[in-house]
Amino acid sequence: MSGFELKFRMFSKLCTEDYLIRNANKGLYKRSLKELDNGLTVQYTWNEASVSCQLSDGTHCSLENTLDHWECSCPADNICKHILISILYYQREHQTEDTLNQGEAASSAQLEPESGLVTESRFRWMVESDLAPLIKSYSSSLIEEVLFRLRYPEQIEVLEDSLLTVRLVKQEIEVSFTEEASLAKALCKVKQTAGNMAKLEALLRYRMQQGLDDTEAISGRVHDTKFSLQTVRECRYMLADLLKTGLARLPQSYMAQLETLAIAAHSGHLPDVERSLRGIQGELQLFFNRHVRFSMQSMLDRVSKLYLALQVLEQEKVSAFKQSQLIGSFRSKYYTVPELHLYGLGADAWETRSGYRGITYYFYCSDDAEIYTYSDVRAVYYEDNQFSYTEHYGSFTPWLPNLTFRQFAGEEIQFRSVKVNEEHRLSSGEGAKLTLLPRTSVEEVNLGKYMQDIPSVLAEDARSFELFSVPKERLAMIKVARVVEHRFEKQSQDLILTMESDHGETLDLTLPYSTEWETMIKRLESGYGAGTLEDFYAFVRIEQQRIYPISFLKGPTVISLKLDTGYGRTGRVGRL
């Protein structure tokens, strides 16, 4: 037997029905078997690195020990029945001989049980191979999206025969890997970019199942860490001067220096540094204006976090992945997530000092125990640009034409193929499919870490932060027995609602006054509706040791305080 015939025989053993169908199709496979049953034969001529196959119907084929390279005299562009017939006929001709060989091998194994010979898996490369050459052809954006998808749980099923097949259960996608260490050789019915992404995701999830974490290893292919080191140094020096001089002796010209450095940070590819500088600028403006809402704690937190981040960037000792977390990005990237089960927690209307208005809708996701948001935002600093909260709250969602945002805020829903970014914000882009589910009572929902009692909310350190993480709102759900007091503080222009728990602990919720929410403030201040509330849940945001209520929930009902009590929805609070 020639050397190549031995290789071809080993290859033919791997050509199971499943393998051939995946490379061709089921109909072609059945037609090939039928022609063999009708008496079609094949003659083989062995060459140094190929075999010439002459079929009795006059067709001529040339094969190697792989289905990646073949030739056939028929006009087919893809794998044809003649290629399958050439492989299947060879299998039939040598089936008896292989059976005898297997019997002899089994007998030998029984006679020599301690020979120490162990057949290793042909797919060990999936665990042991270096990832760098495997993903060499992949773009950084594709790798980044796959890494993002790995954050979400996905059940996989593994079947090993002639191929190792990894099935992504939720996505209903199968990827079959060959014994050759190559993602290009893997088989997947999904084509083009989506198929390439599925191949990499299946490989990485398989490696995760085997106890390997490749996030850090391939992060260098994803993150762009080019930035202006000179700008980093200038920003750090300026903050050091600020801390040395102190606010009391700080000249107002310092605002212009902050603006200049913010522009430099933008040019130096430092988006998060630019945002932090503008945040400090906003706090400093409140200080110079002697505004009641200026917070020394907030100012110190902003300066401290930015100074530490600049110091780490200047030292250049952390990985590319961690550098990218400090640098940030100018535009948020959205990636498709196969499925999300979301529970509506309410909506909050807001306006920034920089001239933006919007409504943010909050949802709890049972899949990863995180809170997701969708924001409807408009810039109103241009002349004649307006944003009507009532109009937008009552408009229809982009996913279901008969579902208003007012309803959306209090629904239990399931998204399929929805795009999400790093901050767990939902995109309104096309392709997402939304299904309404029967809403569970809030008392029966496990809200995980967000479900807190009053002592834990008050005890938590509001000033704690992490450099290498995405900034998040501090949100909590608190069980409340009753509202015991409501008062308006003229000095701070805040309405204070004092809540009491079943154990007698009290908590103050703050609603800052503005003309936009005058109706809501007056209703709650007079005790309308709120005075009759008992045994409900308050969904709140925690900022600078103040707690701002977003919504009240009881049973299946959600009341978004600003939006459902400020625009004439009389009595809704009382009916929680």
Between [Y] and [X], does any NZ, NE, NH1 or NH2 come within less than 4.0 Å of an OD or OE carboxylate oxygen?
{"X": "Asp508", "Y": "Arg487", "result": "yes"}
{"X": "Lys554", "Y": "Asp535", "result": "no"}
{"X": "Asp368", "Y": "Arg151", "result": "no"}
{"X": "Arg205", "Y": "Glu154", "result": "no"}

**Q.** Verdict with reasoning, Thr360 to Ser375, per side chain to side chain donor-acceptor pair (under 3.5 Å)
**A.** CA-CA 4 Å; Thr360 296; Ser375 294; 2.9 Å; yes

Q) Do the side-chain N and O atoms of Tyr450 and Glu370 include a donor-acceptor pair separated by under 3.5 angstrom? A)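 Present: a donor and an acceptor within the cut-off.
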
Q.
Under 3.5 Å, is there a donor on one side chain and an acceptor on the other for Ser141 and Ser139?
A.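 There is such a pair (donor and acceptor under 3.5 Å, judged by atom type) between the side chains of Ser141 and Ser139.
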
State yes or no: are the ring centers of [X] and [Y] separated by less than 6.0 Å?
{"X": "Phe405", "Y": "Tyr374", "value": "yes"}
{"X": "Phe227", "Y": "His269", "value": "no"}
{"X": "Phe177", "Y": "Phe123", "value": "no"}

Q: Check Tyr389 against Trp350 and note the closest heavy-atom contact, atom names and distance.
A: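 So the minimum-distance heavy-atom pair works out to OH-O, 2.8 Å.
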
**Q.** Minimum heavy-atom distance between Asn446 and Tyr364, given as atom pair plus value
**A.**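 Taking every non-hydrogen atom into account, O-CE2, 3.3 Å.
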
(Q) Over 60° means perpendicular and under 30° means parallel, so tell me whether Phe536 and Phe552 are parallel, tilted or perpendicular. (A)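 Plane angle between 30° and 60°, so tilted.
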
Q. How are the rings of Trp399 and Phe415 set relative to one another: parallel (under 30°), tilted (30 to 60°) or perpendicular (over 60°)?
A.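 The arrangement is perpendicular - the two ring planes meet at more than 60°.
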
